[in-house]
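As structure tokens, the structure follows; a few thoughts come after it.
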Amino acid sequence: MLEIKGLEVKLEEEDKQILKGVDLSIEPGMVHAIMGPNGSGKSTLSYVLSGRDGYEVTGGSATLEGQDLLDMEPEERAALGLFLAFQYPVEIPGVGNMTFLRTAVNAQRKARGEEELSAADFLKEVRAKAKSLKIDADMLKRPVNVGFSGGEKKRNEILQMAMLEPKMCILDETDSGLDVDAMKLVSEGVNALRSEGRSFLVITHYQRLLDHIKPDIVHIMADGRIVKSGGPELALEVENNGYADILAEVA
Amino acid sequence: MALAKLKSDTTEARLAWVTLPTGAAWANAARADAMARVREMGLPTKRDEYWKYTDPTSLTDAGAGKAALFHSDEAALFDAVDRVRVVFVDGVFDAEASDDLTAEGLEIERLADAMAADIHWAKDVYGVLEARGQKPVERTLAALNTAMATDGVVIRATAKAVKPVNLIYLHRDETSDAVLHNLIKVEAGAEVTLLETGPAAARFSKQLEVDVAEGGTFHHVRAQGRDHERRAVTHCFARIAAESTFKSFTLTFNGVLTRNECVLEIVGDDATAHVAGVCVGDGKDFHHDDTVFVTHDAVNCESRQVFKKVLRNGATGVFQGKILVKEGAQKTDGYQISQSLLLDDDSQFLAKPELEIYADDVACSHGSTSGAIDETALFYLRSRGVSHDDARNLLTLSFLAEALEEIADESLAEELRDRLEGWLARHR
Ligand SMILES: Nc1ncnc2c1ncn2[C@@H]1O[C@H](COP(=O)(O)OP(=O)(O)OP(=O)(O)O)[C@@H](O)[C@H]1O
Ligand SMILES: [Mg+2]
């Protein structure tokens with residue numbers, strides 16, 4: 001599904017190398033988790049994969065189902081099936097959440113040569129999916145993320161993911177800011193989407209989320225590289241002992 | 001003084017071309033008074049304080065210049081609205097093209113007919129509100145309009161009008177120099193919606209005097225455009241009585257020079273006065289100026305000024321807006337916002353927001369911003385699959401939303417929103 005080889009990235013404006021050779025391969029249907037200290041480059045990886053400006057790829061490659069991601073516009077990557085749940089979802093005053101969702105869904109359908117969803121079908125689908133995430137009608141009407149609480153914003157990201165049905169979902173700290181109940185809701189939302197043809201990359205600091213969304217493989221990222229990979233037990237080790245032991249071991 | 005000399009020379013040069021129309025005695029007097037105001041104040045030059053950002057020369061020149069006609073295959077605006085159409089071609093009333101001027105709750109007449117009548121309510125409005133609006137800021141081009149105008153409509157709303165009146169300004173002659181003057185009198189408790197559409201002429205001077213009596217309601221929705229080379233100076237003077245509502249919205253497309261002045265005087269308690277505008281301009285030749293003056297002279301009134309401009313490829317936008325709260329105008333709620341979205345580095349927005357307050361128990365705020373598209377929001381939308389241009393247009397429309405929300409009638413707002421979307425789609 002997602003194939004990253006030796007990916008090196010620096011900031012466009014500054015002479016600062018952030019990713020220093022990331023290798024990562026995710027098979028269809030798999031859930032991978034990335035953990036790692038603050039500032040190690042986890043969000044940068046997710047942004048570079050989704051095509052945000054401000055970064056310069058200085059080496060390596062990234063493909064989604066064999067297609068070169070790094071050459072594409074962000075919207076082309078999305079149409080191909082890539083989705084990023086933002087660590088900090090963006091507020092867009094003046095654009096209603098519903099309009100936003102419908103525009104996005106139909107834009108992707110159009111890009112893939114599919115028919116647009118009728119207003120009625122769209123409404124039905126949104127309502128059902130919003131309900132399971134406990135997003136009420138009022139939140140759907142309000143401008144995108146404006147005045148949403150931290151947890152509401154994260155739930156809204158998962159709603160977008162559920163509506164867009166991407167193939168490759170990257171979740172950047174979707175658990176931060178969520179209370180215990182919301183964490184369960186969001187996890188259920190994610191688990192409901194798990195399927196043979198869909199993969200997940202879950203970035204998190206906490207084992208807690210991984211209790212709900214069970215990863216197949218856990219990676220540790222430090223200073224712009226993946227320094228260790230293993231099974232779910234690796235997350236437990238981080239939870240219990242922090243990063244010091246792991247970093248010392250690979251140093 | 002050199003400026004005074006320049007002004008009087010400019011004025012006399014322009015007036016050499018003017019012959020005053022004649023009508024009933026009161027009308028002749030109103031025109032003569034207006035002409036006296038023109039001579040006293042002098043026509044504006046670019047050295048006048050209120051013309052610092054906009055050069056009035058092409059508005060005061062003797063000739064109109066030339067403006068190519070804009071051909072569009074779009075349906076006429078508000079075509080589906082059940083309305084009374086009053087058509088002017090290059091500033092001349094066209095009875096053939098217009099609807100029958102009778103409508104429930106309304107009395108509609110041609111200005112020339114009203115000005116020929118010995119006794120007419122127009123006497124208390126024509127040039128009267130304009131003259132009131134000459135202080136503290138001089139608006140000589142409005143006085144000139146009052147002196148010269150031969151055509152226009154006068155509308156009296158005596159009840160809640162069933163249909164809106166649509167003044168349709170067609171532009172057919174590339175060098176037309178049109179002068180129109182319209183009067184609206186909304187009687188106590190009455191209500192009317194005025195729609196104005198069309199580019200009008202190569203050069204257009206238009207004035208609207210609106211007298212809203214107690215508990216009356218006046219809605220105004222105007223779309224100017226889309227001829228690129230047209231020039232226009234328009235004035236709206238309104239007197240707003242107790243418990244009445246005045247709401248005006250203007251959408252401007254294109255035009256090398258548009259100066260829209262709106263002068264509102266709130267004279268009765270518990271009244272509401274809103275004036276809003278959106279303009280979209282593309283290219284170095286585009287210049288749009290909104291100049292607004294709202295006077296609060298009563299208790300517990302609310303006013304709003306909401307102006308948004310989208311400027312690209314070197315376009316220029318100007319906003320000069322003032323809220324004056326007179327002594328004793330307590331519990332005034334005054335709001336003013338002027339913002340521009342600059343789609344490139346070459347475009348510019350010049351703003352002069354002003355507050356002048358002589359009462360102590362008031363809540364007034366004003367703000368002015370100028371900025372580019374929010375790149376983070378743009379990326380967020382694109383990451384969800386929305387194309388770059390669609391995302392930019394969506395953000396542009398969201399920037400304009402606050403102004404469009406000032407249109408009370410949702411279906412009219414929707415139609416203008418569609419036209420804006422079309423404009424944005426054509427200007428990528
Ligand atoms: N646009 C930028 N300008 C300056 N520095 C940046 C920028 N983007 C990333 N960085 C720097 O790159 C490094 C990696 O940041 P990144 O956000 O990817 O870390 P992270 O692993 O997601 O951290 P966290 O766990 O705190 O979310 C940090 O040192 C950060 O300050
Ligand atoms: Mg991060």
Side-chain angles (χ1 to χ4, degrees), chain A residues 46-55 69 72-97 99-112 114 143-146 153 156-157 159-161 163-166 168-170 172, chain B residues 249 251 276-278 280 306-310 337-341 343-344 367 369-407 410 413-414 416-418 420-422 424-425 428:
Chain A
S46 69
Y47 285 145
V48 169
L49 291 176
S50 47
R52 188 175 190 147
D53 283 345
Y55 303 100
L69 275 181
M72 289 182 207
E73 299 295 337
E75 55 268 33
E76 294 172 328
R77 303 178 198 209
L80 199 62
L82 185 74
F83 180 90
L84 168 63
F86 282 54
Q87 182 173 359
Y88 305 107
V90 180
E91 298 188 2
I92 313 184
V95 178
N97 219 0
T99 310
F100 170 67
L101 278 170
R102 203 178 50 235
T103 309
V105 168
N106 284 333
Q108 293 205 12
R109 285 180 156 251
K110 211 173 121 194
R112 290 195 291 256
E114 298 165 13
V144 182
N145 292 326
V146 176
K153 285 182 183 168
N156 202 24
E157 293 289 288
L159 173 63
Q160 292 167 32
M161 186 168 89
M163 288 302 298
L164 294 169
E165 301 181 334
M168 178 72 233
C169 311
I170 305 175
D172 191 357
Chain B
F249 176 89
L251 172 61
V278 163
V280 289
V306 183
F307 286 86
K308 306 261 183 167
K309 301 184 187 340
V310 176
I337 183 90
S338 65
Q339 295 181 304
S340 75
L341 181 62
L343 294 178
D344 53 62
T369 65
S370 197
I373 283 271
D374 178 350
E375 289 294 332
T376 310
L378 192 69
F379 171 65
Y380 190 61
L381 283 163
R382 295 178 73 192
S383 79
R384 297 309 184 238
V386 183
S387 75
H388 178 276
D389 285 351
D390 288 347
R392 192 197 57 199
N393 293 351
L394 199 60
L395 292 174
T396 304
L397 285 171
S398 77
F399 163 76
L400 299 175
E402 186 188 2
L404 286 159
E405 278 160 16
E406 287 294 327
I407 304 170
E410 187 47 42
E414 198 50 47
L416 294 186
R417 208 172 287 126
D418 285 349
L420 273 165
E421 265 179 56
L424 292 170
R428 290 187 178 268

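In the text below, chain A, chain B and the rest are named by the order of the sequence lines, each starting its count at 1. The analysis underlying the following values was restricted to heavy atoms, covering all of them including side chains, and did not include hydrogens, waters or symmetry mates.
For the pair A/Val95/B/Ser398, a side-chain contact is recorded, criterion being any heavy-atom separation below 4.5 Å from C-beta on. A 4.5 Å side-chain heavy-atom check between A/Phe100 and B/Leu381 finds at least one atom pair inside the cut-off. Taking the side chain as every heavy atom from C-beta outward, B/Asp390 and A/Thr103 never approach each other to under 4.5 Å. In this structure the side chain of A/Phe83 never reaches within 4.5 angstrom of the side chain of B/Ser383, judged on heavy atoms. Proximity of B/Arg384 to A/Leu164: side-chain heavy atoms (C-beta onward) are separated by under 4.5 Å at one or more points.
Taking both residues in full, the closest heavy atoms of A/Glu75 and B/Arg382 are given as OE1-NE, 2.7 Å, listed atom of the first, atom of the second, then distance. In plain terms, the two heavy atoms of A/Ala107 and B/Gly385 that are nearest each other are CB-O, 3.3 Å. B/Val386 approaches A/Ala104 most closely through the heavy-atom pair CG2-CA, 3.9 Å.
Interface remark: of the candidates A/Pro143, A/Gly51, A/Pro89, A/Gly51 forms the most heavy-atom pairs closer than 4.5 Å to chain B.
Within 6.0 Å of CG in A/Asp53 there are 12 or fewer heavy atoms belonging to other residues, nucleotides or ligands.
Aromatic ring centres of B/Tyr380 and A/Tyr88: separated by at least 6.0 Å.
Of the two parts of A/Val144, only the side chain, counted from C-beta on, holds a non-hydrogen atom closer than 4.5 Å to a non-hydrogen atom of chain B.
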Criterion side-chain contact (heavy atoms from CB on, under 4.5 Å) on B/Thr376 and A/Arg52, from CA distance to verdict = CA-CA 9 Å; B/Thr376 310; A/Arg52 188 175 190 147; 3.6 Å; yes
